[in-house]
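A note on names: the letters A, B, ... follow the listed sequences, proteins ahead of strands, and every chain is numbered from 1. Values below: every heavy atom of this structure, side chains too, minus hydrogens, waters and symmetry copies.
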Number of protein chains: 2
Amino acid sequence: MEKEKTDKKDHILDVAERVFSDVGYDAASTRMISGEAGVNMAMLNYYFGSKEGLLVAVFERKIEVFRTVINNIGNDESMNAWDKLEKCIDSFIDKVVVNSCFSRLMNREIWLGRRSELTDKLSDIIMGNVNEFKRIFDEGISTGIFHKDTDVEMAIATIFGTKNYITNSTHLASKLLKRDVNDAEYMEQELKPRIKKYLKQLLNTYLLVK
Amino acid sequence: MEKEKTDKKDHILDVAERVFSDVGYDAASTRMISGEAGVNMAMLNYYFGSKEGLLVAVFERKIEVFRTVINNIGNDESMNAWDKLEKCIDSFIDKVVVNSCFSRLMNREIWLGRRSELTDKLSDIIMGNVNEFKRIFDEGISTGIFHKDTDVEMAIATIFGTKNYITNSTHLASKLLKRDVNDAEYMEQELKPRIKKYLKQLLNTYLLVK
DNA sequence: ACTAATTAATCAATCGCTTGATTAATTTTG
DNA sequence: CAAAATTAATCAAGCGATTGATTAATTAGT
């Protein structure tokens, strides 16, 4: 035997995640997913009830990954707010660039906002990240190392938005940066450090009381 | 007579733009669009050849609007680079928030990147805006009022990305800002000035040589 | 033997698109 | 100017293909 039994559902989820990410929810047909996964079409409904249920399952599998990464960041008592923020940015860029195609899928779904039950679930996940960042900003302000008139919500929009702008469209990003962002070597060795360095420097000058 | 004759195509484009923006390209059916526009289904193909041709037509109609707004910005000799950038940000936020649903449609299409002919066309439009910004940044650097180690591409990603993050999902933005961003009064009187002020302040501290 | 897993076959619905025919508008012709 | 010829605009109907989903039959696991 090559395959374990309980891995079947996970394998379907793997394929579904990739196909959804590649072509979008609407254009991804259940036949396409089942075909690539090497299972019968009816198995999708057998396991996940419906196509939308499959999408939800894809998202739910990642929730705990997101949550755990986030929660472990801001709770270190040995760092001040700025150090936490730097570490946050590092982890965020690392984590989300690796799963950039999933991140795209997530953004597309929340920006379309058609499946409201799912949109609510997704925005809650995102707001989990957002609120963790907000806690750090608030700590920085109350401890006096961040300017007290900092626009926290906009600064958060800048962190997430800047990253999204680079990672959501490899097409556009490659034109902007004049490099192929699909090149894993370039992404890992140059672009990721560049994004991190830039965001830290940008926020450093904006936030910190000199 | 209430309707002019040549306005028929424009009316279809108006409806198509709204429907595409609301539900996305895939989920928008030609029957839905023709029905809402009050024309026979076959007219869409008669006028625009295909559903994708209709989408292209929707985009093409906006190209000159984008182009003209951009080109008139950076060519004022009476301003220095920073003043130009401030004016750019103002115009950009004003223009793109009004057409936020169209902006969403455009972003979704370019982020999906499935219709490559269209994606190329769109990214060219966007790069037109981007390059106009870049020109201003370069001018600021060469005249010595911007830091010469400024990461221009990333700064551009911040301007566009921050705006996108706020306007692409009313759902998420409303949660983040704890206000209903669909409220036109709030958007016009508070949020738009807030975005402008924030972006200017953020870039001021990052860019300007003190 | 009995439950769970898997399959092939099929369902109704909807998709984008095309067709052939009809009407309205415009141009050509005598 | 008016009849004829041509073009443009509009319509109902339906095509083939594909969609997500379901059924009933079969296989595998315990």
Side-chain angles (χ1 to χ4, degrees), chain A residues 1-60 105 108-109 112 114-119, chain B residues 1-60 105 108-109 112 114-119:
Chain A
M1 297 285 175
E2 301 212 44
K3 297 176 182 179
E4 316 288 321
K5 46 204 305 191
T6 52
D7 285 340
K8 180 77 66 82
K9 287 179 68 172
D10 264 327
H11 176 240
I12 295 177
L13 287 175
D14 287 336
V15 174
E17 180 180 321
R18 208 194 64 244
V19 175
F20 279 143
S21 301
D22 283 345
V23 302
Y25 175 82
D26 287 306
S29 72
T30 54
R31 283 170 177 80
M32 195 187 297
I33 295 173
S34 62
E36 274 194 53
V39 301
N40 188 279
M41 235 200 57
M43 297 306 295
L44 302 190
N45 294 313
Y46 180 73
Y47 280 135
F48 307 103
S50 68
K51 182 188 179 184
E52 186 163 331
L54 175 59
L55 180 65
V56 173
V58 167
F59 280 124
E60 281 181 338
L105 170 62
R108 276 204 311 265
E109 277 305 313
L112 205 55
R114 198 145 37 84
R115 287 159 282 279
S116 59
E117 164 221 8
L118 179 60
T119 303
Chain B
M1 295 287 175
E2 302 214 42
K3 294 179 180 178
E4 316 286 321
K5 46 205 301 194
T6 53
D7 285 342
K8 182 73 70 77
K9 285 178 70 172
D10 264 327
H11 177 238
I12 295 177
L13 287 175
D14 287 335
V15 174
E17 179 181 322
R18 208 194 64 243
V19 174
F20 279 143
S21 301
D22 282 345
V23 303
Y25 176 81
D26 287 307
S29 73
T30 55
R31 284 170 176 81
M32 194 187 299
I33 295 173
S34 61
E36 275 193 54
V39 301
N40 188 275
M41 239 200 58
M43 298 306 297
L44 302 190
N45 293 322
Y46 179 73
Y47 280 133
F48 308 104
S50 66
K51 182 189 179 183
E52 184 163 331
L54 176 58
L55 180 66
V56 173
V58 166
F59 280 124
E60 280 180 339
L105 170 62
R108 277 204 309 266
E109 276 307 310
L112 204 55
R114 196 144 38 83
R115 286 159 284 279
S116 60
E117 166 221 5
L118 179 60
T119 304

Novice: So B:Ala27, base contact, sugar-phosphate only, or nothing? Heavy-atom distance under 4.0 Å.
Specialist: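 Nothing, no heavy atom under 4.0 Å.
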Novice: Taking all heavy atoms of B:Ile33 and all of B:Val15, pick out the closest pair and write down the distance.
Specialist: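 The answer is O-CG1, 3.7 Å.
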Novice: Whole angstroms only, please: what is the CZ-P distance between B:Phe48 and C:dT18?
Specialist: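 That distance rounds to 15 Å.
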Novice: Quick check: closest heavy atoms across A:Ser50 and A:Gly53, and the distance to 0.1 Å?
Specialist: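 Scanning both residues completely, I find the closest heavy atoms to be OG-N, 3.0 Å.
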Novice: Separation of A:Leu44 atom CG from D:dA21 atom P, in whole Å?
Specialist: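 In whole Å, D:dA21 P lies 9 Å from A:Leu44 CG.
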Novice: Is a side-chain donor or acceptor of A:Lys51 paired with a backbone partner of A:Ala28 at a separation under 3.5 angstrom?
Specialist: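 Side chain of A:Lys51 to backbone of A:Ala28: a pair is present.
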Novice: Just compare D:dA21, D:dG14, D:dT10 and give me whichever is closest to any side-chain atom of B:Arg31.
Specialist: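 Taking heavy atoms from C-beta onward, the closest nucleotide is D:dG14.
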Novice: So, for B:Ala16 and B:Val58, which heavy atoms are closest and what is the spacing to 0.1 Å?
Specialist: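 Closest pair (atom of B:Ala16, atom of B:Val58, distance): CB-CG2, 3.9 Å.
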Novice: So does B:Lys9 get a side-chain nitrogen or oxygen closer than 4.0 Å to the phosphate oxygens (OP1/OP2) of D:dA9?
Specialist: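 Result: no.
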Novice: In terms of side-chain heavy atoms of B:Met43, which of D:dA9, C:dG16, C:dT6 is nearest?
Specialist: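 Closest nucleotide among those given: D:dA9.
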Novice: Among D:dT10, C:dG16, D:dA21, which is the nearest nucleotide to the side chain of B:Tyr46?
Specialist: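 Of the options given, the side chain of B:Tyr46 lies nearest D:dT10.
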Novice: How many whole angstroms separate atom NZ of B:Lys8 from atom P of D:dA9?
Specialist: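 One finds 9 Å between P of D:dA9 and NZ of B:Lys8, rounded.
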Novice: For B:Asp26 and D:dG20, what is the distance between atoms CG and P respectively, to the nearest whole Å?
Specialist: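 Taking CG of B:Asp26 and P of D:dG20, I get 11 Å after rounding.
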Novice: What's the closest nucleotide to the B:Asn40 side chain, out of C:dG16, D:dA21, D:dA12?
Specialist: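 Nearest listed nucleotide: D:dA12.
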Novice: When the nearest nucleotide of DNA chain D is assigned to B:Ala42 and to A:Ser29 on a heavy-atom basis, which residue is associated with the more 5' position?
Specialist: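 Of the two residues, B:Ala42 wins.
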Novice: In whole Å, I'd like the distance from the CE atom of B:Met41 to the P atom of D:dG14.
Specialist: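 From B:Met41 CE to D:dG14 P: 14 Å.
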Novice: If you take all heavy atoms of B:Ala37 and B:His11, which pair is closest and at what distance?
Specialist: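 In this case the closest contact between B:Ala37 and B:His11 is O-CE1, 3.1 Å.
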Novice: Rounded to the Å, how far apart are A:Lys51 NZ and C:dT14 C1'?
Specialist: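 Between C1' of C:dT14 and NZ of A:Lys51: 13 Å.
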Novice: Quickly work out the B:Met32 CE to C:dT14 C1' distance and round it to whole Å.
Specialist: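 Atom-to-atom, B:Met32 to C:dT14, this comes out as 11 Å.
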Novice: Side chain of A:Asn45 only, please: which of C:dC17, D:dA21, C:dT18 is the nearest?
Specialist: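 Nearest listed nucleotide: D:dA21.
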Novice: May I ask you to verify if any side-chain N or O of A:Ser50 is less than 4.0 angstrom from the OP1 or OP2 atom of D:dG20?
Specialist: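 No.
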Novice: Figure out the OH/C1' separation between A:Tyr47 and C:dT7, and round it to whole Å.
Specialist: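 These atoms are roughly 13 Å apart.
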